[in-house]
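Below: one structure, written as C-alpha cells.
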Protein chains: 2
Amino acid sequence: MSDNKNIRIKDIAEMAGVSVGTVDRVIHKRGKVAEEVRKKVENVLQSTGYKPNLLARTLGSKKALKIALLIPDPKQDEYWALAESGVKPSLEEWSQYGLEIAPNFFDLYESTSFATSAKEVLSSKPDGVIVAPIFHNESLNLFAELDRDQIPYVLFNTNIPEAQPLSFIGQDLYQSGKVGGELLSLDNTEKKGVAVFHIHESIDNSVHLKAKETGLRDFLGTAYDIESYDLNHVNSGELNQIVSKILHQSDLGAAFVSTSQGTNIIATLMEKHNCTHIKLVGYDLLAANLHYLEKGVINFLINQNPKRMTQVGISHLTNHLLFHKELPREELFPLEIISKQNVGSYLNSRIH
Amino acid sequence: MSDNKNIRIKDIAEMAGVSVGTVDRVIHKRGKVAEEVRKKVENVLQSTGYKPNLLARTLGSKKALKIALLIPDPKQDEYWALAESGVKPSLEEWSQYGLEIAPNFFDLYESTSFATSAKEVLSSKPDGVIVAPIFHNESLNLFAELDRDQIPYVLFNTNIPEAQPLSFIGQDLYQSGKVGGELLSLDNTEKKGVAVFHIHESIDNSVHLKAKETGLRDFLGTAYDIESYDLNHVNSGELNQIVSKILHQSDLGAAFVSTSQGTNIIATLMEKHNCTHIKLVGYDLLAANLHYLEKGVINFLINQNPKRMTQVGISHLTNHLLFHKELPREELFPLEIISKQNVGSYLNSRIH
DNA sequence: CTGAAAGCGCTAACAC
DNA sequence: GTGTTAGCGCTTTCAG
C-alpha cells in the first residue's frame, strides 16, 4: 500500500542535519553528543518512528554474544533434562546472529553446589544469564553480583519476588492449583478425600508448592476433605510406607501431586498398591508420567513446559541484548491440560 | 571452541579460482556457467560445507516479498477474525525483512466468491500464498494455477489431500473428536445420550466435521447412544425448533459441537431452554464461547488456535521464500483443552 | 560465460 | 563532540 520506504540512519542524519555517526551515538547512548544535538536527533527518531534494520545491525557488528544458563543437573531429574533440551533449538535459531550458550549445572540437592556454579558463571563474564533460582539465599547472592556487574538476567521456573530480573518466565502457581482442583472434581465420586503430595528435594521449594496447594484448596472449598503431606523423596523406603498408608484410607478419592518427579513416584505406588481407582493429577510430560497417563493411572497432567521456558528465556535475553527489545516483566505460560487423548498432539507438535 | 571462522563466498571463490559472481551463479543456478567450472565450484562448496549468511543475503537483495492470504471475511465469523489477527504480529516480526502481506477475503457462504478472490490473488502475482481452502473444487482450481505459475502455497485450517502444498497447518481432526469424547465422558452421569451438532455454513466442510465425529464415536464406543445432527445455521428460527426438541430428550447427557460458531449457538439455546445440566464441549475461544465457559454452560473448549495458525503459516512461507528452509509437510497443532480455570492463562499469555 | 564493483543499512575505528 | 569511511557477506548490475 503506502510506499513506506524504510527510513535509514542516513535519512535521520540528513533530517537532523548531522552525520550518521552522531545518529548512531544517540541511538546507542555511546560516546559524547552535545545535549541540543541529541534532543534534535531524538525528535527526528521519534517523529519518523525509526526502526533499525536488525540484519544490517548484526551483520555490521562482529562481536559474539555469550549467555550463561544455570540450571540443575539434567542427569539428576528428567524435568531439567527437558529444560536443557530447549538449548539446542535456541542455538539453531540464534547462532547465525553469533550467539553462544554456556550451560552450567548444579546439584539439585546441594545449595553449596549452586553457589559454586554461580561463581563459575560469574567468572565466565557472560553478556547475560538465565537462571532457575532453586535455592533462595544463594540466588540472592548471585543476583547481587550480577546487578553489580550490570549483567542482565532472566529468571525462569521459580520466581523470587525480591529479585529484579529483566523478566520472569513461568506459570501462575496458584491458578495452576485451581486447575488441578478443577480436574480432580470432574468425576463427582462420592469419596471426598483428597491427598496433596509435595515430594521435593530442597526445602526452598516448599513455598512454591504451597501456592499450588492454596489454589487447589480455594477451588475445591469445604466440600472436600483435603490433607496435605510434605515428603522428601530421598528416603524411598520410608516414603513407600507413608504413602501406602495414606492411599488406603477408605474415603480417599483423589490425589494431587505438586511436582513432576513426585507424580510418577505416587503413580508407581498407586499401581503397586492397586489404588488405581484413585484419581491422580500431577505435573509434566516426563517419560514415566506419560507411561502412567497412558495406562490410566494418571488422569491428567498439567504441563509446565520446561523446554519452551528455556527457549523463551534465551530468546528474550537475546532479543534484549541484540536488539534492545523491551521484555515483559512476567511471561506466564498457559496452564496446559494434558490427557490421554491429547497428549500425542502435544508430543508430535513442533510448534509448541 | 573450534575457531570455525565462517567460510564466505569470497573464500569459496578463491579456493575455486573464480570470482564471487561465478560462485553466486552456481549457488543459485542462475545465469550461465561453464560446466567444468560449475563442477569445481560445487566441489568446493561441498567439501567446505559452505553455509550462506542469511542476514547478508537478505540485506543484499532489495526485493520485497509479497505473500497473499486468502481467508473468509473476518467480519462474517469471529473465528476468522481471530485468524486474521495473526497478520499483525507476523508483520511486526517480518516486515524488516521486507515482507508484505496482502489479505484477501471471501464470502463464507459463496463458493463463487472464493473463486473471485482467488483470481485476484493470482493477478496480484504474489511470491507465495497461504490459503484456507474452504471450498473444495474452487480450491483445486486455484492450486492448479499456482502450480502452473510455480507459486508456493501453504494450506491452513482445512486440509485437501489432493493438493501438494508446501505445508499444511492445522489439527488432527479425528483425534480432536477423541479428545471431545474423553471430555464428555469425564462426569460419568447415568445419561448416556450424546448429541453431536454440525452447524456449518458450507457443505464442503461436512467431511471435516465428520472426521471429528468419527473420533468421538470411536472413543465413546457402544456404551453411549450417539445421535448426530447436520444443521445449517442460516435459518435460525428453524434451528431453534429442532435443537430445542433434541435438548429435551430425557436421556440426553451431553452435547458435542464441531464448529466454533455452532458452539455458542447451542450454548445460547441450552441456556434459553434451561438445559445447562447437559454437558457441552465445543471449539475455540470466541467471545461468546468464553462467556458461556465462564458461566458453566460450556464445560470445555478445544482450541484450534486460528491466530497462531496464520502466524505459523506466514512464518513458514517466509522462511521458505527468504531462507529456503525446508518445511514440514504437516504442522499439526496441539489439541488444547480449555476449561474455566485455565482459560485465563491462555488469554493472558503472549507466547502462545 | 565471467569478473569487477557498487550497493544493502549499520557499526566502529579514525581523523579533525 | 562530530564527521568520514572502511568493512560485514551477499546480490545485482554492468562491462567485456
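Chain letters run A, B, ... following the sequence lines, proteins first, then strands; residues in each count from 1. These figures come from a predicted structure and were not determined experimentally.
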task = Look at the side-chain N and O atoms of B:T22 and state whether any lies under 4.0 Å from the OP1 or OP2 oxygen of C:dG3.
result = yes
inquiry  = Less than 4.0 angstrom between a side-chain N/O of B:Y50 and OP1 or OP2 of D:dC10, yes or no?
reply    = yes
key: Whole-Å distance separating the CD atom of B:E36 from the C1' atom of C:dT2   = 13 Å
query = Can you tell which of C:dC1, C:dG3, D:dG9 lies closest to the side chain of B:A34?
reply = C:dC1
inquiry  = For the CD atom on B:E326, are there more than 12 heavy atoms of other groups (residues, nucleotides or ligands in this structure) within a distance under 6.0 Å?
reply    = no
ask   = Roughly how many Å is it from CD in A:E35 to C1' in D:dT2, rounded to a whole number?
value = 15 Å
key: A:D24 CG to D:dT4 P, straight-line distance once rounded to whole Å   = 15 Å
note = Checking D:dG9, C:dC10, D:dT11 against the side chain of A:I9 (C-beta onward), the nearest is C:dC10
query = Is the shortest distance from a Lys or Arg side-chain nitrogen in B:E36 or B:K40 to a carboxylate oxygen in the other one below 4.0 Å?
reply = no
inquiry  = Quick check: do B:S139 and B:V131 have side-chain heavy atoms less than 4.5 Å from each other?
reply    = no
inquiry  = Taking the minimum atom-to-atom distance to the side chain of B:A56, which one of D:dC10, D:dT2, C:dT11 wins?
reply    = D:dC10
request  = Heavy atoms only: give me the nearest A:M309-A:G170 pair and the separation to one decimal.
outcome  = SD-CA, 3.7 Å
query = From D:dG1, C:dG3, C:dG9, pick the nucleotide closest to the side chain of B:L59?
reply = C:dG9
task = Please state whether the rings of A:F143 and A:Y153 are parallel, tilted or perpendicular, taking 30° and 60° as the class boundaries.
result = parallel
task = Assess whether atom CD of B:Q46 is packed by more than 12 heavy atoms of other residues, nucleotides or ligands within 6.0 Å.
result = no
key: Residues in contact with DNA chain D, drawn from residues 26-33 of chain B - heavy-atom cutoff 4.0 Å   = B:H28, B:R30
ask   = Starting at CZ of A:R8 and ending at P of C:dC8, how long is that distance when rounded to a whole Å?
value = 6 Å
inquiry  = Which residue in the set B:D149, B:I67, B:I151, B:L70 passes side-chain contact (heavy atoms from CB on, under 4.5 Å) when paired with B:P126?
reply    = B:I151
note = The nucleotide from C:dG3, D:dT11, C:dG9 with an atom nearest the side chain of B:R57 is D:dT11
inquiry  = Classify A:V20 by what it touches in the nucleic acid, base, sugar-phosphate, or nothing, heavy-atom distance under 4.0 Å.
reply    = base
query = Looking at D:dG3, does its base get a donor-acceptor pair with the side chain of A:R25 below 3.5 Å?
reply = yes
Separation of C:dT11 C1' from A:K10 NZ (nearest whole Å) = 16 Å
